[in-house]
Amino acid sequence: MASVLASLFPKLGSLGTSDHASVVSINLFVALLCACIIIGHLLEENRWVNESITALIIGLCTGVVILLVSGGKNSHLLVFSEDLFFIYVLPPIIFNAGFQVKKKQFFVNFITIMMFGAIGTLVSCAIISLGAIQTFKKLDIEFLDIGDYLAIGAIFAATDSVCTLQVLHQDETPLLYSLVFGEGVVNDATSVVLFNAIQNFDLTSVNPSIALSFLGNFFYLFLASTLLGAGTGLLSAYIIKKLYFGRHSTDREVALMMLMAYLSYLLAELFYLSGILTVFFCGIVMSHYTWHNVTESSRVTTRYNFLLFCRDVFQFILPGHPSFVMSKLFHLQSATCNLHAFATLSFLAETFLFLYVGMDALDIEKWKFVGDRPGLSISVSSILMGLILLGRAAFVFPLSFLSNLMKKSSEEKITFRQQVIIWWAGLMRGAVSIALAYNKFTRGGHTQLQDNAIMITSTITIVLFSTMVFGLMTKPLISLLLPPQRQLSTVSSGANTPKSLTAPLLGSREDSEVDLNVPDLPHPPSLRMLLTAPSHKVHRYWRKFDDAFMRPMFGGRGFAPPAPGSPTEQGP
């Protein structure tokens with residue numbers, strides 16, 4: 001592959017052949033990322049295609065070209081590494097998810113989200129594992145043990161709701177978007193925690209003691225990861241509030257904030273916790289406290305530097321009318337505070353993942369191992385796809401029924417149409433499943449055993465099929481189930497203003513009492529009554545505690561540190 005790429009560009013300074021090939025590969029990959037962004041923009045209004053599908057298609061086409069140029073020896077520019085994915089690519093995606101989430105909607109639906117994301121993932125994992133144990137034996141697959149089957153359940157329980165979230169809008173369908181988005185993050189974290197727990201236990205002889213220890217370890221990882229993320233976020237807020245870096249440099253504030261967010265993820269990995277949960281809750285806490293302690297000039301820097309860079313790039317690539325359109329698009333997005341440095345990094349990381357998955361799907365090294373048994377790979381993929389459909393339905397509809405029992409208002413209940421969309425959103429599999437499968441069945445991104453190659457190719461097939469087929473049908477399905485007049489009825493006024501970025505953890509006083517429009521609730525005499533109206537009651541208690549103790553200490557909206565020398569600092 002190196003010689004083929006080197007032949008395309010015979011000279012590049014004084015670099016050696018291997019270095020030259022690496023530079024060429026990176027250049028081509030960056031060019032493909034630019035192509036994904038441009039084509040994705042041109043297809044923005046398309047009824048069928050979205051950005052993730054666009055990146056997959058471009059990756060597949062690129063893989064075909066490289067496969068032809070290399071004479072059938074290779075199909076991708078970079079070798080996939082689960083370490084690269086989990087350490088460098090995934091953190092900005094999850095951090096931005098926590099930083100940008102509308103916290104009021106997320107925590108109002110927190111119990112339902114945790115039911116779908118945690119309990120639902122465990123149910124799906126159990127069904128996929130049990131189904132695989134029963135059906136794979138009929139295919140004479142004997143190379144898997146109980147640990148492998150449980151790992152397969154965790155791998156394919158990890159959903160990828162990016163396609164659905166690209167169609168839904170949190171301002172138009174806040175309840176549905178909050179449930180799909182929240183479940184997706186918790187699901188990824190639960191799947192990774194579950195996978196790591198399975199890897200760390202000897203499951204050759206299962207007994208009640210091992211089962212209890214396994215569950216205890218699982219819940220410990222869940223709770224410890226959440227506390228670590230929240231603690232790191234609070235520490236960053238306290239440091240920036242007390243030291244006030246903005247008096248000397250705006251760059252230091254943003255740099256410290258981003259580094260501490262990344263540090264929370266690395267600490268979680270260092271202590272064998274869930275980095276996904278840690279950096280997600282770190283993002284939530286930082287957006288509630290730390291972001292309001294940052295000076296206004298630092299916020300402007302964070303929002304606009306990447307926008308100006310992207311605009312200059314597109315003006316160079318697309319001179320004339322297209323660049324004018326995209327420039328106006330970026331200005332509009334920056335005015336509504338929907339795009340800044342964090343969102344840009346997350347967007348590039350997601351595009352990178354889908355582009356690579358498309359190219360890696362044609363990796364000849366993996367497919368040649370199953371060349372003499374193609375029917376087995378197809379059978380395994382079909383069985384797993386059916387189990388995914390069954391496992392998803394087994395918890396979405398029952399848990400939705402339980403969630404509706406706990407809610408009195410009909411507006412807060414999940415309708416059957418919304419349940420179908422939630423079920424559909426979790427059918428697609430993506431980069432997390434790929435990374436976990438590589439971690440389990442490859443060494444250094446390479447497959448040397450036929451049995452492992454079957455599982456890798458089956459995973460790739462499921463990811464491609466679910467993303468392409470289900471992803472292409474997502475827009476028409478949502479348009480059918482949620483027609484425009486139904487969606488517009490839930491539009492909240494002023495949702496695209498900067499208020500969406502500065503909303504507190506559970507909403508401000510105006511958000512909590514006016515938007516929710518809930519009268520004062522009596523003190524619940526029992527746990528059952530608390531569960532029937534948990535969001536508003538817990539919200540009110542949290543707001544009082546936050547105003548009295550948390551924000552005076554850690555900052556936040558209304559408690560930002562005064563500028564040095566200002567009348568507020570000097571006092572009367």
- [ ] Any chance you could lay out the side chain to side chain contact (heavy atoms under 4.5 Å, CB included) test for F347 and I37, step after step, and finish with the verdict?
- [x] CA-CA 10 Å; F347 168 75; I37 295 174; 3.6 Å; yes
- [ ] Under the salt bridge (Lys or Arg N to Asp or Glu O under 4.0 Å) rule, collect the residues that match up with R392, sequence neighbours excluded.
- [x]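 Here the qualifying residues are E183.
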Nearest non-hydrogen partners of [X] and [Y], listed with the distance:
| X | Y | value |
| --- | --- | --- |
| G153 | S129 | CA-OG, 3.3 Å |
| A97 | V185 | CB-CG2, 4.3 Å |
| S287 | G98 | OG-O, 4.3 Å |
| I198 | A151 | CD1-N, 4.0 Å |
| C36 | T54 | O-CG2, 4.3 Å |
| I276 | A189 | CG2-CB, 3.9 Å |

Are any of the side-chain heavy atoms of [X] and [Y] separated by less than 4.5 Å?
| X | Y | answer |
| --- | --- | --- |
| Y272 | N196 | no |
| I462 | I388 | yes |
| I284 | F281 | yes |
| D188 | V192 | no |
| K440 | F195 | yes |
| F156 | L387 | no |
| L122 | F395 | no |
| E269 | F86 | no |

TODO: Give the intermediate values and the outcome of side chain to side chain contact (heavy atoms under 4.5 Å, CB included) for residues F29 and T62.
DONE: CA-CA 10 Å; F29 210 99; T62 305; over 6 Å; no
May I ask you to decide if [Y]'s main-chain N or O and [X]'s side chain share a donor-acceptor pair within less than 3.5 Å?
| X | Y | result |
| --- | --- | --- |
| S458 | I378 | no |
| S466 | V463 | yes |
| S124 | G120 | no |
| Q419 | V396 | no |
| Y265 | Y88 | no |
| N187 | F116 | no |
| S264 | A261 | yes |

Open item on the list: Please evaluate residues L482 and L176 with respect to the criterion side chain to side chain contact (heavy atoms under 4.5 Å, CB included), reporting the C-alpha separation (whole Å), side-chain torsions for both, the decisive distance (0.1 Å), and the verdict.
Closed with: CA-CA 11 Å; L482 297 178; L176 187 59; 3.4 Å; yes
TODO: Give every residue pair that meets the side-chain hydrogen bond (donor to acceptor under 3.5 Å, both in side chains) criterion with at least one member in residues 149-158, sequence neighbours excluded.
DONE: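 Every candidate side-chain hydrogen bond (donor to acceptor under 3.5 Å, both in side chains) pair involving residues 149-158 fails, so no pair, neighbours aside, qualifies.
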Can you give me every donor-acceptor pair (side chain of residues 420-427, partner residue at least two apart or in another chain, under 3.5 Å) with its distance?
{"unit_1": "W423", "atom_1": "NE1", "unit_2": "L389", "atom_2": "O", "d": "3.4"}
{"unit_1": "W424", "atom_1": "NE1", "unit_2": "F470", "atom_2": "O", "d": "3.3"}
{"unit_1": "W424", "atom_1": "NE1", "unit_2": "T474", "atom_2": "OG1", "d": "3.2"}

Open item on the list: Measuring centre to centre across the rings, with the benzene-like ring taken for any Trp, is F106 within less than 6.0 Å of F280?
Closed with: yes
TODO: Decide if the gap between the ring center of Y262 and the ring center of F95 is smaller than 6.0 angstrom.
DONE: no
Spacing of [X] atom [atom1] and [Y] atom [atom2] [to the nearest 0.5 Å]:
| X | Y | atom1 | atom2 | result |
| --- | --- | --- | --- | --- |
| C282 | L277 | SG | CG | 12.5 Å |
| I93 | L348 | CD1 | CG | 10.0 Å |
| S433 | L384 | OG | CG | 10.5 Å |
| I53 | I57 | CD1 | CD1 | 6.5 Å |
| F416 | S400 | CZ | OG | 10.0 Å |
| M468 | L60 | CE | CG | 6.5 Å |

TODO: Determine the sole option in I434, L436, I128, V432 for which the side chain to side chain contact (heavy atoms under 4.5 Å, CB included) test with I155 is passed.
DONE: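 Result: among I434, L436, I128, V432, L436 is the only option passing the side chain to side chain contact (heavy atoms under 4.5 Å, CB included) with I155.
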Task: L179/Q418 under side chain to side chain contact (heavy atoms under 4.5 Å, CB included): CA gap, chis, key distance, verdict - done: CA-CA 10 Å; L179 293 177; Q418 291 174 332; over 6 Å; no
